[in-house]
Asker: 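My questions will all concern the structure given below.
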Amino acid sequence: MDHYWTWSGTYFGYRRGDLIFTYNGECVGRFSGDEVYGRDGRYLGEVRNKNRLITRRNKLSWRGSPPPNVRGSSHAHYANYVGYAMYAGYEDFPSPENF
């Protein structure tokens with residue numbers, strides 16, 4: 001199981017297969033390569049630096065395959081990390097509390 005943090009360093013959750021879950025077990029998206037598409041099929045963001053989630057603004061209109069309506073397992077919240085400097089044209093991935 002791979003674990004992910006937002007670009008700003010907030011622990012987000014984990015990947016199981018091609019699905020991404022918040023740490024409390026809510027399935028919020030599906031991976032297509034390194035990109036993540038939400039429950040409505042809209043682009044949410046992508047993986048950079050192996051385990052960080054970030055959103056590229058010019059992809060916000062992109063659509064992909066939505067995830068199934070499933071529930072994952074919840075687990076203890078991992079520690080947050082120090083955030084990275086934001087790239088031009090990007091914004092932070094939504095926090096798990098936004099879902």
Asker: How would you list, by chain and number, every residue that makes a side chain to side chain donor-acceptor pair (under 3.5 Å) with T6, sequence neighbours excluded?
Answerer: S8
Asker: Nearest 0.5 Å please: distance from the CG atom of N24 over to the CZ atom of F99.
Answerer: 11.0 Å
Asker: My understanding is that only residues two or more places apart in sequence, or in another chain, count here; which of them pass side chain to side chain contact (heavy atoms under 4.5 Å, CB included) with S95?
Answerer: E97, N98
Asker: Under the side chain to side chain contact (heavy atoms under 4.5 Å, CB included) test, which residues partner T55, sequence neighbours left out?
Answerer: Y43, L60, E91, F93, P94
Asker: For residues 76-83, run the donor-acceptor check on the side chains, cut-off 3.5 Å, and write out each pair with its distance to 0.1 Å, sequence neighbours left out.
Answerer:
residue : atom : partner : partner atom : Å
Y78     : OH   : H3      : NE2          : 3.4
N80     : OD1  : Y11     : N            : 2.8

Asker: If two hydrophobic side chains count as joined below 4.5 Å and joins carry through other members, does F12 share a cluster with M1?
Answerer: no
Asker: For N69, which residues count as a side chain to side chain donor-acceptor pair (under 3.5 Å) partner, sequence neighbours excluded?
Answerer: none
Asker: Minimum heavy-atom separation for G41 and P66, please, with both atom names.
Answerer: N-CB, 3.9 Å
Asker: For residues 66-83, pull every pair meeting salt bridge (Lys or Arg N to Asp or Glu O under 4.0 Å), keeping only residues two or more places apart or in separate chains.
Answerer: none
Asker: What closest approach, in Å, do G38 and P67 show between heavy atoms, and which atom pair accounts for it?
Answerer: O-CD, 3.3 Å
Asker: From F21 CZ over to S74 OG, what is the distance, rounded to the nearest 0.5 angstrom?
Answerer: 12.0 Å
Asker: My understanding is that only residues two or more places apart in sequence, or in another chain, count here; which of them pass salt bridge (Lys or Arg N to Asp or Glu O under 4.0 Å) with E46?
Answerer: R48, K59
Asker: Listed by chain and number, what are the salt bridge (Lys or Arg N to Asp or Glu O under 4.0 Å) partners of R15, not counting sequence neighbours?
Answerer: none
Asker: Let me check something: do L53 and V28 share a hydrophobic cluster, defined by ILVMFWY side-chain heavy atoms less than 4.5 Å apart, either directly or through other members?
Answerer: yes
Asker: Of all residues at least two apart in sequence or in a different chain, which pass the ring-ring contact (aromatic ring centres under 6.0 Å, His included) check with F31?
Answerer: Y4
Asker: Under the salt bridge (Lys or Arg N to Asp or Glu O under 4.0 Å) rule, collect the residues that match up with D40, sequence neighbours excluded.
Answerer: R42
Asker: Applying salt bridge (Lys or Arg N to Asp or Glu O under 4.0 Å), which residue pairs with at least one partner in residues 16-29 are found, sequence neighbours left out?
Answerer: D18-R30, E26-R39
Asker: State the CG-CD1 distance between L44 and I20, to the nearest 0.5 angstrom.
Answerer: 8.5 Å
Asker: Apart from M86 itself, what residues make up its hydrophobic cluster when side-chain heavy atoms of I, L, V, M, F, W and Y under 4.5 Å apart count as a link, directly or indirectly?
Answerer: W7, I54, Y84, Y87, Y90
